[in-house]
Protein chains: 2
Amino acid sequence: MTPQREMIFRAFFELGEHVTVAELYRKVCEKNPAVGYSTVWRNLKLICKVGLAEEVNLGDGVTRYDRITRQPHGHLYCLQCKKLTEFEMNSITDLLDLAAKQYDFAVEGVKVEISGYCRSCRKMNERLAKDGRTN
Amino acid sequence: MTPQREMIFRAFFELGEHVTVAELYRKVCEKNPAVGYSTVWRNLKLICKVGLAEEVNLGDGVTRYDRITRQPHGHLYCLQCKKLTEFEMNSITDLLDLAAKQYDFAVEGVKVEISGYCRSCRKMNERLAKDGRTN
DNA sequence: TTGAAATTGAAAACCGATTTCATTTGACCG
DNA sequence: CGGTCAAATGAAATCGGTTTTCAATTTCAA
């Protein structure tokens, strides 16, 4: 266990969910600017390999890393502000397991992503639309 | 409507689901090798923009394009043979809509991916394991 | 303490996605 | 029919995140 590794692991768990390599790298640099980007990347991969996190891919070009929590959860991804919100998914996983069983498929992981528009972005859009009309 | 565009649209719908840009490009080149890769890419994007397909991201580095079908469906992704299988998802989307509603989230799209091991890969692994033991 | 194995940092390589730009083409209007 | 102009194309360059390379350093067990 090198000091870099310890620092990276700590920083990862201090940060919230959905961490990117760049974010973690920035965080680690605050403590020790000498740590290399590739070291951060490799240790993030390691965290996944030992089962403490998993990669999340939203198709926006960057890989995020999610702590693996006791509760399976899905993601609400706002297409406008890009914010990621989690929702609990207990009842849904049962259904998914059932679906997989029909194909004799051994489930390792489940990813559910709902994309759309969050409340605050919709409100903002409504306001902007109104302003637009009155001008 | 240019001949390239028509050819690309046709080819996309002739190919099965989960098409990559490279696959479509190859397919189009069979008919007309003069068509450029970027044209294929741009038209694939266009197909998405007009609502005939959507991007699928499995985190393996390449973007796939799925025809939008009447039925919402999820994906079974075999971690070993990389094969993608679809499963019908009517009852599940109801639950997901419900979950989104609790966050006052306006749903645009839903993606469900189950990763794991398909039947045939598991069978093969069993066979290999047995062979290993008897040697 | 010592040597093998693991880890690190900097830089380069990689690779799919996307953009640039000069050129061609299609659609529309008179 | 021309003429024109916006849209589309093809080749090549660029972009940006990911991953690898490699020499130097560090860890750790014996």
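All chains are named by letter (A, B, ...) in the order of the sequence lines, taking the proteins before the strands, and each is independently numbered beginning at 1. Values below: all heavy atoms of this structure, side chains included; hydrogens, waters and symmetry mates excluded.
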Name the nucleic acid region contacted by [X], choosing base, sugar-phosphate or nothing; use a 4.0 angstrom heavy-atom cut-off, strictly under.
| X | value |
| --- | --- |
| A:Thr2 | sugar-phosphate |
| A:Pro33 | nothing |
| A:Ala22 | nothing |
| A:Thr63 | sugar-phosphate |
| B:Arg5 | sugar-phosphate |

Return the value, rounded to whole Å, for the distance between atom [atom1] of [X] and atom [atom2] of [N].
| X | N | atom1 | atom2 | result |
| --- | --- | --- | --- | --- |
| A:Glu23 | D:dG17 | CD | P | 12 Å |
| B:Trp41 | D:dA13 | CH2 | P | 18 Å |
| B:Phe9 | D:dT9 | CZ | P | 9 Å |
| B:Lys49 | D:dA7 | NZ | C1' | 13 Å |
| A:Leu44 | C:dG9 | CG | C1' | 17 Å |
| B:Arg42 | C:dT18 | CZ | P | 12 Å |
| B:Asp60 | C:dC15 | CG | P | 14 Å |
| A:Glu55 | D:dG17 | CD | C1' | 12 Å |

Using OP1 and OP2 only, check whether a side-chain N or O of [X] sits under 4.0 Å from [N].
| X | N | answer |
| --- | --- | --- |
| B:Tyr37 | C:dA17 | yes |
| B:Gln4 | D:dA8 | no |
| A:Asn43 | C:dT7 | no |

Only one of A:Leu76, A:Thr69, A:Asp66 passes side chain to side chain contact (heavy atoms under 4.5 Å, CB included) with A:Glu86; say which it is.
A:Asp66
Please report the interatomic distance CZ(A:Phe87) to CG(B:Leu98), rounded to the nearest 0.5 Å.
11.0 Å
Could you tell me the separation between the CD1 atom of B:Ile47 and the CZ atom of B:Arg67, rounded to the nearest 0.5 Å?
10.5 Å
State whether the number of non-hydrogen atoms from other residues, nucleotides or ligands found under 6.0 Å of A:Lys82 atom NZ is greater than 12.
yes
Given the structure, check if the side chain of B:Thr39 and the base of D:dA8 hold any donor-acceptor pair shorter than 3.5 Å.
no
Is there side-chain contact between A:Asn90 and A:Pro72, with heavy atoms separated by less than 4.5 Å?
yes
